[in-house]
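Shown next, in structure tokens, is the structure this report addresses.
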Amino acid sequence: AGGELEELDAFAAKIRVGKGAQQTDDFMIIARLEGLVLGLGVEQVLARARACVAAGADAVMIQPAAEGQAAFDAFCAGYNALAPRKPLVAAETGGAAMSEATFAAAGVNIVVYESHLLRSAYPAMARAALSILAEGGTAGCAAELSRIDEMQALIPRAE
């Protein structure tokens with residue numbers, strides 16, 4: 001938290017406790033490694049990945065640093081050689097702006113777009129608010145609005 005890494009033993013212990021509490025295979029424990037973003041060397045991040053897999057993590061999540069394509073590729077190459085190898089998840093936070101093809105070529109199994117939809121919603125809300133303020137109503141932004149029935153269809157109904 002706060003740009004610091006938790007001690008590896010404590011982190012691995014939390015994974016072991018979580019796996020001990022697991023009651024179904026539908027629940028996964030994914031160990032998120034922040035080492036590349038925090039500037040750790042690839043070998044240090046790989047050591048953390050090995051420890052997490054040994055502790056029982058079902059997958060490992062890595063976040064590429066904004067300027068760290070080479071470090072990310074080196075981590076992925078090392079991780080892909082691990083045995084056993086668990087699925088590799090990448091958190092695309094927008095800093096690295098990598099394509100899905102780049103992730104796939106590196107051996108990433110799942111890409112998580114953590115905040116892209118929320119972050120794209122803010123500019124649309126700001127445009128609508130400015131339009132409402134400028135025009136004194138919603139006529140200027142009506143074409144960009146979702147219909148109420150479309151929004152209601154997203155909410156599951158109890159039967």
Judged by atom type as modelled, is there a donor-acceptor pair below 3.5 Å linking the side chain of [X] to the main-chain atoms of [Y]?
{"X": "E135", "Y": "I132", "value": "no"}
{"X": "T138", "Y": "C141", "value": "no"}
{"X": "N109", "Y": "L88", "value": "yes"}
{"X": "Q22", "Y": "T24", "value": "yes"}
{"X": "D58", "Y": "K86", "value": "no"}

Where do [X] and [Y] come nearest, in terms of heavy atoms and distance?
{"X": "P64", "Y": "A91", "result": "CD-O, 3.5 Å"}
{"X": "D73", "Y": "A106", "result": "OD1-CB, 4.3 Å"}
{"X": "A47", "Y": "L8", "result": "O-CD2, 4.3 Å"}
{"X": "G107", "Y": "N80", "result": "CA-ND2, 3.8 Å"}
{"X": "S146", "Y": "M151", "result": "CB-SD, 3.6 Å"}
{"X": "S120", "Y": "L117", "result": "OG-O, 2.9 Å"}

(message) Quick check on the 6.0 Å ring-centre criterion: do F72 and F103 meet it?
(response) yes

(request) To the nearest 0.5 angstrom, please state how far the CD atom of Q63 sits from the CZ atom of R32. (result)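 Spacing of CD (Q63) from CZ (R32) equals 4.5 Å.
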
(message) Nearest 0.5 angstrom please: I29 CD1 to C52 SG, how far?
(response)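 Reported value, rounded in 0.5 Å steps: 10.5 Å.
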
Could you check if a side-chain atom of [X] sits within less than 4.5 angstrom of a side-chain atom of [Y], using non-hydrogen atoms only?
{"X": "R119", "Y": "Y113", "answer": "no"}
{"X": "Q152", "Y": "R147", "answer": "no"}
{"X": "V112", "Y": "E92", "answer": "no"}

Does atom [atom1] ([X]) have a neighbourhood of more than 12 heavy atoms from anything else shown, all under 6.0 Å?
{"X": "D25", "atom1": "CG", "result": "no"}
{"X": "L154", "atom1": "CG", "result": "yes"}
{"X": "L133", "atom1": "CG", "result": "yes"}

Check whether [X] and [Y] end up in the same hydrophobic cluster, where Ile, Leu, Val, Met, Phe, Trp and Tyr are linked by side-chain heavy atoms less than 4.5 Å apart.
{"X": "V42", "Y": "L40", "answer": "yes"}
{"X": "I30", "Y": "L82", "answer": "no"}
{"X": "V111", "Y": "L36", "answer": "yes"}
{"X": "V17", "Y": "I15", "answer": "no"}
{"X": "L33", "Y": "V89", "answer": "no"}

(request) Decide whether a cation-pi geometry holds between R48 and F11; the criteria are a distance under 6.0 Å from NZ or CZ to the six-membered ring centre and an angle within 45° of the ring axis. (result) yes

(message) Consider side-chain contact (heavy atoms from CB on, under 4.5 Å). Of I62, V53, V45, V108, which one does Y79 pass it with?
(response) V53

